[in-house]
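Naming: A, B, ... by sequence-line order, numbering from 1 per chain.
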Protein chains: 2
Amino acid sequence: MPKIGMEPLRKRALIDAAIRAIGDRGSLDVTVAQIAQEAGVSAALAHHYFGGKEQLFLATMRHLLTELGQDLRSALHQATTPAARVAAVIAVNFSASQFAPQTVAAWLTFYIHAQQSEETRRLLRVYARRLHSNLAHALCQLTDRASAVAIAEGAGALIDGLYIRHALRNGAPDAVAAIALVEDYVATKLACGRKA
Amino acid sequence: MPKIGMEPLRKRALIDAAIRAIGDRGSLDVTVAQIAQEAGVSAALAHHYFGGKEQLFLATMRHLLTELGQDLRSALHQATTPAARVAAVIAVNFSASQFAPQTVAAWLTFYIHAQQSEETRRLLRVYARRLHSNLAHALCQLTDRASAVAIAEGAGALIDGLYIRHALRNGAPDAVAAIALVEDYVATKLACGRKA
DNA sequence: TTTTATTGATTGAGCAGTCAATCAAGAATA
DNA sequence: TATTCTTGATTGACTGCTCAATCAATAAAA
């Protein structure tokens, strides 16, 4: 056979190229040809390996989701106290790898695409549920269940909102400020949150 | 059959149709022909009145922005206390007219489009600045300036986040819960917010 | 008749997806 | 060792379609 075992390498290269291309143009309107060129292969090869544009996109999203999950697991692993876990969950969402302008832009476009694609919507729900359950679980050890769920809900929305806002900022996104804002929210709610 | 003075009527009909079409498909990939059909005219007429697709979109966005501004002004008008003003600003963003699924979806797509269009970005900044200044101004009468700005920042991000989340929900968006969450955030910060 | 409104037909560009053909590396054969 | 096979990898060219934009023609006021 030829240079055997190219498939995983090419797939990975194409996914990376897709993230870059989508992030650069800020839209899913990138052409398969553009992505392929960015990856240094022909458009035909992208079709050969992924079957179609939509599937390339879904694979790209799954990749992003997997990466986020790994970052999260690794961060939670070295957090011992409940408070540290909460901080870890928050921080991961604004970590360098997740908060890169291209990554943010890519996530944003997938949010939009979710309105047309059931599978994309499903993947996005996986992310939201995971974020929520991680936050709520850690918070449960710091307050009652109902409050924990409420705070997790608010913090999740806050994270999404900061994400979308920073995607529009012209200047460099300020991860530190974003983290501080969310942590302040959680801390304030924990300290003074009677009722919801 | 030109009954004279069709221009404003047609423009309005096309803008309304654009909001509906964009909202339905959840994407700016709607064709001019689809929008025109929705408005009951030919695609050529849309070009005649707006000059092009991009300009139709920008006009649609300006319309949305104007509408939001009117809702806001009217709500602020009948709010007498600072607290009521804060509540009014929050509530307007989740009012029936603004929180309609199609409107939310349309806003979302414009957020994405902003990454490619300077004019769209500018319009979006107008919205963000107005929201922030309205909130901060009202909050200033309830706390010190620095805190007011910080709370306005957080509340703004929270509103955006709830917006994006509700755009993905399958079920009916829950405006009441969203308003409660944001108001709770503001109330909590006002009551217990020493430092940020 | 001049102006405004309106459209069907047409064009030209761009793009996803397909296909037949080529390339090269390893395996089997002699 | 030299000579075919075999097969994954890879591509250029092509197809069929969609769509924004344009234009020439028509209809109704004014």
Side-chain angles (χ1 to χ4, degrees), chain A residues 1-61 106 109-110 112-113 116-117 119-120, chain B residues 1-61 106 109-110 112-113 116-117 119-120:
Chain A
M1 323 167 176
K3 291 175 292 183
I4 204 171
M6 281 291 102
E7 176 158 348
L9 297 181
R10 293 307 189 199
K11 278 193 166 180
R12 178 59 196 269
L14 282 164
I15 286 174
D16 286 344
I19 295 173
R20 253 176 291 140
I22 295 169
D24 282 344
R25 319 231 165 199
S27 149
L28 287 189
D29 284 344
V30 287
T31 69
V32 173
Q34 286 167 343
I35 295 173
Q37 190 182 25
E38 183 91 21
V41 298
S42 74
L45 197 63
H47 280 98
H48 173 65
Y49 281 130
F50 286 98
K53 196 186 189 183
E54 176 78 9
Q55 283 145 287
L56 205 191
F57 283 158
L58 287 172
T60 302
M61 211 182 146
T109 60
F110 285 128
I112 297 297
H113 192 59
Q116 302 164 258
S117 156
E119 177 66 6
T120 303
Chain B
M1 347 133 159
K3 295 160 282 185
I4 202 171
M6 281 290 102
E7 176 158 349
L9 297 181
R10 293 308 190 198
K11 277 193 166 180
R12 179 56 195 270
L14 281 164
I15 287 175
D16 286 346
I19 294 173
R20 255 176 289 141
I22 294 170
D24 282 344
R25 318 230 165 201
S27 149
L28 287 188
D29 284 344
V30 287
T31 70
V32 173
Q34 285 167 345
I35 295 173
Q37 191 182 25
E38 183 89 20
V41 298
S42 73
L45 198 63
H47 280 96
H48 173 65
Y49 281 128
F50 286 98
K53 195 186 189 184
E54 177 78 8
Q55 283 146 287
L56 206 192
F57 282 160
L58 287 172
T60 302
M61 211 181 145
T109 61
F110 285 128
I112 296 296
H113 191 59
Q116 301 164 256
S117 156
E119 177 66 5
T120 303

Separation of [X] atom [atom1] from [N] atom [atom2], in whole Å?
{"X": "A:I35", "N": "C:dG17", "atom1": "CD1", "atom2": "P", "answer": "11 Å"}
{"X": "A:L56", "N": "C:dG17", "atom1": "CG", "atom2": "C1'", "answer": "13 Å"}
{"X": "A:R12", "N": "D:dA9", "atom1": "CZ", "atom2": "C1'", "answer": "21 Å"}
{"X": "B:K11", "N": "C:dA5", "atom1": "NZ", "atom2": "P", "answer": "11 Å"}
{"X": "A:H48", "N": "D:dG8", "atom1": "NE2", "atom2": "C1'", "answer": "7 Å"}
{"X": "B:Q37", "N": "C:dG8", "atom1": "CD", "atom2": "P", "answer": "11 Å"}
{"X": "B:F50", "N": "C:dA5", "atom1": "CZ", "atom2": "P", "answer": "13 Å"}
{"X": "A:L45", "N": "C:dC19", "atom1": "CG", "atom2": "C1'", "answer": "15 Å"}

Less than 4.5 Å apart, any side-chain heavy atom of A:F110 and any of A:F57? yes
What residues 13-22 of chain A contributes to the DNA chain C interface at heavy-atom separation below 4.0 Å is none
Listed by chain and number, what are the side chain to side chain contact (heavy atoms under 4.5 Å, CB included) partners of A:D29, not counting sequence neighbours? A:S27, B:D29
Please output the side-chain donor-acceptor pairs of residues 34-41 of chain B that fall under 3.5 Å, not counting sequence neighbours, one pair per line with the distance.
{"from": "B:Q34", "atom 1": "OE1", "to": "B:T31", "atom 2": "N", "distance (Å)": "3.0"}
{"from": "B:E38", "atom 1": "OE2", "to": "B:R20", "atom 2": "NH1", "distance (Å)": "2.8"}

Can you find a side chain N or O atom of A:R10 that sits less than 4.0 Å from OP1 or OP2 on D:dT10? yes
Check this one for me: any side-chain N or O of A:Y49 less than 4.0 Å away from OP1 or OP2 of D:dT10? yes
OG1/B:T120 to CG/B:L58 distance, rounded to the nearest 0.5 angstrom? 4.5 Å
Output all residues satisfying side chain to side chain donor-acceptor pair (under 3.5 Å) with A:H47, sequence neighbours left out; order by chain, then residue number. none
Partners of B:Q55 by side chain to side chain donor-acceptor pair (under 3.5 Å), sequence neighbours excluded? none
Would you mind writing out the side-chain donor-acceptor pairs for residues 12-19 of chain A within the sub-3.5 Å range, not counting sequence neighbours?
{"from": "A:R12", "atom 1": "NE", "to": "A:D16", "atom 2": "OD1", "distance (Å)": "3.2"}
{"from": "A:R12", "atom 1": "NE", "to": "A:D16", "atom 2": "OD2", "distance (Å)": "3.2"}

A:E119 meets the salt bridge (charged side-chain N to carboxylate O under 4.0 Å, His left out) criterion, sequence neighbours left out, with A:R62, A:R122
In chain order, what residues pass the salt bridge (charged side-chain N to carboxylate O under 4.0 Å, His left out) check against A:K53, with sequence neighbours excluded? none
Treating primed atoms plus P, OP1 and OP2 as sugar-phosphate and everything else as base, which nucleotides of nucleotides 15-23 of chain D get B, S or - for protein heavy atoms under 4.0 Å? ----SSBBB
